[in-house]
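All remarks here apply to the structure that follows.
A quick note: this is a predicted structure, and the numbers were derived from the prediction, not measured. Quick note: numbers below take in every heavy atom, side chains included, and nothing from hydrogens, waters or symmetry partners.
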Amino acid sequence: MKHLLNILDLSTEEIGELIATAEDIEAHPEKYEDACRHKILATLFFEPSTRTRLSFESAMLSLGGNVISMAGANTSSAAKGESVADTAEVVSGYADIIAMRHPKEGAPYVAAKHSSVPVINAGDGGHYHPTQTLADLLTVHREKGAFENLTVGFCGDLKYGRTVHSLIAALSRYRGVKFVLISPEELRLPEFVKRDYIEEKGIPYTESASLEEQIGKLDALYMTRVQKERFESEEEYARLKDTYILTEEKMRTAGKNTIVLHPLPRVNEISVKVDEDPRACYFKQTRNGKLMRMALILKLLKDKETAEKGGVYQVGGGGERERNTFVSTSVKCANPHCIFPCEQELPPLFYRDKRGTLCCAYCDAAAENGKETTV
């Protein structure tokens with residue numbers, strides 16, 4: 001494997017291997033303290049982050065490596081108008097691996113196509129957040145023992161919640177999984193997520209506006225913050241931000257083994273009194289995130305070294321989608337949050353999904369009139 005842009009870049013077998021490595025790291029940290037000696041991680045964060053950036057940096061330092069960091073777009077040449085493509089080209093000459101967060105969806109895909117080292121998507125707009133999903137998966141595995149036959153509820157901002165999108169994609173590959181999607185109408189799960197990871201696989205799901213009606217049916221509840229930074233309207237954010245608040249009273253109606261997850265940060269969607277409940281696992285997620293990022297860094301660097309020895313490691317996006325991607329100037333992406341219009345001289349790349357819908361290769365959104373357009 002070359003980059004991690006989408007959690008589906010990892011097979012279920014590879015996820016199992018990462019979990020095993022993470023468990024071994026925790027049990028025997030001394031075995032790994034020099035594993036990345038003389039290696040450099042570059043953290044390129046074009047929007048704010050606490051847990052993700054610091055856990056990546058802590059992970060690399062715990063492996064004996066070094067870190068160079070950009071902690072905001074205003075502190076980099078992006079403030080001067082430098083493109084993501086040029087930034088990736090330059091920084092890949094300074095580092096052995098890159099972790100990147102960007103507010104525009106598809107930005108890590110652009111970076112991967114211009115980087116000579118592995119790129120890890122640390123969150124791109126409301127699109128994907130695969131390393132948070134690795135933290136989520138390790139937490140679920142530790143608490144539940146397996147991923148099969150679970151009913152998982154997602155509550156809050158399902159429209160812009162990149163952590164939700166990635167976790168649904170990951171869990172959709174396990175037998176017997178069911179989803180309960182709890183949100184107001186305005187923040188429902190995007191069609192591309194529902195289409196690609198639920199409906200096409202025939203996974204049972206329920207959509208509801210009521211947390212109280214659904215919480216007793218769940219093995220795991222994934223709470224999310226209504227993200228102010230994703231809204232163009234302050235009024236719409238203010239109207240929706242307190243739609244769901246998980247309290248002690250609501251937890252009394254949950255199952256005795258129902259675990260509560262949250263990618264953090266929280267605002268007020270989980271009462272601090274819930275922290276004392278043994279079913280609350282969101283702080284465990286943060287610690288598990290570091291372990292899984294350590295395991296991932298080790299895997300990507302090993303894959304790169306193995307490929308280079310075979311003479312096949314080259315710059316580019318790679319993957320199944322890459323082979324099915326083509327350029328079209330006759331249509332355009334309908335997503336206003338896509339990276340494409342923000343970058344100079346990017347080719348307009350598209351692919352057709354299994355239903356024949358024309359989709360943007362950068363952000364996965366359907367093209368305007370995607371089904372009807374002939375390319």
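Between Tyr174 and Phe147, the ring planes are tilted. Angles from 30° to 60° get that label.
No more than 12 heavy atoms of other residues, nucleotides or ligands shown are found within 6.0 angstrom of OH on Tyr94. When the shell of 6.0 Å around NZ of Lys39 is examined, it contains 12 or fewer heavy atoms from other residues, nucleotides or ligands. When the shell of 6.0 Å around CD of Glu30 is examined, it contains more than 12 heavy atoms from other residues, nucleotides or ligands.
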The test is side chain to side chain donor-acceptor pair (under 3.5 Å); show your working for His3 and Asp9 and say whether it passes.
CA-CA 8 Å; His3 308 287; Asp9 293 334; over 6 Å; no
Worked check of side-chain contact (heavy atoms from CB on, under 4.5 Å) between Thr357 and Phe192:
CA-CA 10 Å; Thr357 302; Phe192 85 88; over 6 Å; no
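Of all the heavy atoms in Pro204 and Val177, the pair that sits closest is CD-O, 3.9 Å. Of all non-hydrogen atoms in Met100 and Pro108, the two that sit nearest each other are SD-CA, 4.2 Å. The two residues Ala146 and Val140 come nearest to each other via the heavy atoms O-CG1, 4.1 Å. Summarising the geometry of Leu8 relative to Ala169, their closest heavy-atom pair is CD2-O, 3.5 Å, with the distance given to 0.1 Å. In plain terms, the two heavy atoms of Ile215 and Lys250 that are nearest each other are CD1-O, 3.7 Å. Shown here for Ala209 and Ile182, the closest heavy-atom pair between the two residues is C-CG2, 4.3 Å.
Under a 4.0 Å N-O distance rule, the pair Lys304/Glu308 qualifies as a salt bridge. Electrostatic pairing of Arg287 and Glu26 does not count as a salt bridge here, judged by no charged N lying under 4.0 Å from a carboxylate O. Using a cutoff of 4.0 Å between basic side-chain nitrogens and carboxylate oxygens, Glu249 and Arg252 are not scored as salt-bridged.
Donor-acceptor pairing under 3.5 Å is lacking for the side chains of Lys217 and Thr206. Ser328 and Ser330 are linked by a side-chain donor-acceptor pair at a separation below 3.5 angstrom, with hydrogens and angles left out of the test. Side-chain contact check for Ser55 and Arg293: at least one donor-acceptor pair (N or O, by modelled atom type) lies under 3.5 Å. With no hydrogens or angles considered, no side-chain donor-acceptor pair links Thr247 and Ser271 at under 3.5 Å. Of the N and O atoms on the side chains of Thr87 and Glu82, at least one donor lies less than 3.5 Å from an acceptor on the other residue. Side-chain contact, Tyr282 with Asp275: a donor N or O sits under 3.5 Å from an acceptor N or O.
Side-chain atoms of Thr224 come within 3.5 Å of backbone N or O of Cys155 as a donor-acceptor pair. A donor-acceptor contact shorter than 3.5 Å links the side chain of Asp219 to the backbone of Thr151. Looking at Glu47, its side chain never comes within 3.5 Å of a backbone N or O of Arg101 through a donor-acceptor pair. Judged by distance alone, with hydrogens and angles left aside, the side-chain atoms of His165 form a donor-acceptor pair with the main-chain N or O of Leu158 at under 3.5 Å. Put simply, the side chain of His129 never gets that close to the backbone of Ser166: no donor and acceptor are under 3.5 Å apart. Distance alone, capped at 3.5 Å, is enough to place a donor-acceptor pair between the Arg279 side chain and the Met251 backbone. Side-chain atoms of Asp124 do not come within 3.5 Å of backbone N or O of His102 as any donor-acceptor pair. At distances below 3.5 Å, not a single donor-acceptor pair connects side-chain atoms of Tyr128 with backbone N or O atoms of Gly106. Side chain of Ser115 to main chain of Ala111: no donor-acceptor pair is present (N/O by atom type, distance under 3.5 Å, no hydrogens or angles). Judged by distance alone, the side chain of Arg188 and the main-chain N or O of Ser183 form no donor-acceptor pair under 3.5 Å.
Between Asp196 atom CG and Ile168 atom CD1 the span is 11.5 Å, to the nearest 0.5 Å. Atoms CD1 and OG, from Ile97 and Ser92 in turn, are 12.5 Å apart once rounded to the nearest 0.5 Å. Atom-to-atom distance recorded for Ser49:OG and Phe56:CZ is 9.5 Å, nearest 0.5 angstrom. Residue Cys363 holds its SG atom at 11.0 Å from CZ of Phe340, rounded to the nearest 0.5 Å. Annotation: the span from Asp157 atom CG to Leu189 atom CG amounts to 10.5 Å, rounded to 0.5 Å. Residue Leu218 holds its CG atom at 13.0 Å from CG of Asn257, rounded to the nearest 0.5 Å.
Counting heavy atoms from C-beta on, the side chains of Gln214 and Leu221 never come closer than 4.5 Å. Between Leu291 and Glu23, every side-chain heavy-atom pair lies at or beyond the 4.5 Å cut-off. Between Gln285 and Leu264, every side-chain heavy-atom pair lies at or beyond the 4.5 Å cut-off. A 4.5 Å side-chain heavy-atom check between Leu301 and Cys36 finds at least one atom pair inside the cut-off. You'll find the side chain of Met223 stays beyond 4.5 Å of the side chain of Arg266, heavy atoms only.
If you run ring pair (Phe, Tyr, Trp, His ring centres under 6.0 Å) between Phe154 and each of Tyr222, Tyr205, Tyr197, only Tyr222 comes through. For the side-chain hydrogen bond (donor to acceptor under 3.5 Å, both in side chains) with Asn335, the lone residue among His127, Lys104, Glu105 that qualifies is Glu105. Paired with Leu137 under the rule side-chain contact (heavy atoms from CB on, under 4.5 Å), one option of Leu10, Leu167, Leu18 passes, and it is Leu167.
There is no path of hydrophobic side-chain contacts, each under 4.5 Å, that joins Leu138 to Leu54.
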